[in-house]
Amino acid sequence: MTMTNAIDPLEWVPASGHQLRLSGVHFDAVRIEGVRGEQVAARLIEATDGDAGPIVCEVLGFRWMYFLLAPGEVRAHSWPLGVQRFGGRGARTVTYIGIPALDGNTWPLRWYSEPTVTAPFVETGTLRAVLEDAGL
């Protein structure tokens with residue numbers, strides 16, 4: 001097996017376009033709206049030297065930012081007001097999150113930060129620290 005710089009696509013990342021994936025199965029998610037979400041994402045990317053893990057951005061509407069965490073992480077922590085959480089077994093609601101492909105036309109979704117071999121998920125502790133530092 002040869003090693004390349006390209007990551008193996010995660011099983012939940014579609015090959016093209018975008019698809020809905022059930023939160024709490026392949027990943028948990030926290031969602032932050034608009035400019036506030038963009039600021040948190042930018043600070044997280046800076047705090048991780050550009051390897052923040054998967055962050056999905058909606059291009060239209062409220063411009064939500066979805067921070068994708070390892071399954072089980074959302075319910076294991078408390079989150080500040082304004083941070084919506086999705087995932088975890090036993091949740092009362094079922095939520096699907098739009099996931100774009102790594103390449104090609106994925107409108108109206110795009111990767112703000114892609115999953116990588118070293119960061120297949122956003123690290124929960126780092127995200128919580130960024131939220132705290134931002135006063136959120």
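All of these numbers come straight from a predicted model, not from anything done at the bench.
- Annotation: side chain to side chain contact (heavy atoms under 4.5 Å, CB included) contacts of L22 (sequence neighbours excluded): V25, V94, Y96.
- For the atom pair D133 CG and L131 CG, the distance stands at 9.0 Å (nearest 0.5 Å).
- Partners of T124 under the side chain to side chain donor-acceptor pair (under 3.5 Å) rule, at least two apart in sequence or in another chain, are E73.
- Here the shortest heavy-atom pairing between A41 and I55 reads CB-CD1, 4.1 Å.
- The shortest non-hydrogen separation linking R43 to A134 is NH1-CB, 2.8 Å.
- Counting heavy atoms from C-beta on, the side chains of P14 and R21 come closer than 4.5 Å.
- Between the CH2 atom in W12 and the CZ atom in F27 there is a gap of 6.0 Å [rounded to 0.5 Å].
- Q39 is linked by a side chain to side chain donor-acceptor pair (under 3.5 Å) to nothing, counting only residues two or more places apart in sequence or in another chain.
- Of all the heavy atoms in G82 and R36, the pair that sits closest is CA-NH1, 3.6 Å.
- Applying the side chain to side chain donor-acceptor pair (under 3.5 Å) test to T118 and every residue at least two apart in sequence or in another chain returns D51, T116.
- For the residue pair T106 and P100, the shortest heavy atom distance occurs at CB-CB, 3.5 Å.
- Put simply, the side chain of E114 reaches to within 4.5 Å of the side chain of L102, judged on heavy atoms.
- The side chain to side chain contact (heavy atoms under 4.5 Å, CB included) search around T126 returns L44, A47, T48, E123, not counting sequence neighbours.
- Considering only residues two or more places apart in sequence or on other chains, E33 meets the salt bridge (charged side-chain N to carboxylate O under 4.0 Å, His left out) condition with none of them.
- Not counting sequence neighbours, E46 has no partner by the side chain to side chain donor-acceptor pair (under 3.5 Å) test.
- Cluster note: W107 groups with V59, L60 through ILVMFWY side-chain heavy atoms spaced under 4.5 Å, whether in direct contact or through intervening members.
- Looking at residues two or more places apart in sequence or on another chain, you find a side chain to side chain contact (heavy atoms under 4.5 Å, CB included) between R85 and V30, V74, W79.
- In this structure a side-chain-to-backbone donor-acceptor pair under 3.5 Å is present from S23 to T95.
- Minimum heavy-atom separation, P71 to G24: CB-O, 4.5 Å.
- Smallest separation of non-hydrogen atoms from F67 and G37: CZ-O, 3.8 Å.
- L109 places none of its side-chain heavy atoms less than 4.5 Å from the side chain of I99.
- Side-chain contact check for Y112 versus V56: every heavy-atom pair is 4.5 Å or farther apart.
- Partners of R110 according to the salt bridge (charged side-chain N to carboxylate O under 4.0 Å, His left out) rule, which considers only residues two or more places apart in sequence or in another chain, do not exist here.
- Side-chain atoms of D28 come within 3.5 Å of backbone atoms of G72 as a donor-acceptor pair (strictly under, hydrogens ignored).
- For residues 56-69, every residue pair satisfying the salt bridge (Lys or Arg N to Asp or Glu O under 4.0 Å) rule, not counting sequence neighbours, is listed here: E38-R63.
- A heavy-atom distance below 4.5 Å is not found between the side chains of L68 and P120.
- Separation of atoms CZ (F62) and CD1 (I32) is listed at 15.5 Å; rounding is to 0.5 Å.
- V35 and I45 fall into different hydrophobic clusters, where Ile, Leu, Val, Met, Phe, Trp and Tyr side chains are chained together by heavy-atom contacts under 4.5 Å.
- Partners of R31 according to the side chain to side chain contact (heavy atoms under 4.5 Å, CB included) rule, which considers only residues two or more places apart in sequence or in another chain, are W64, Y66, Q84, F86.
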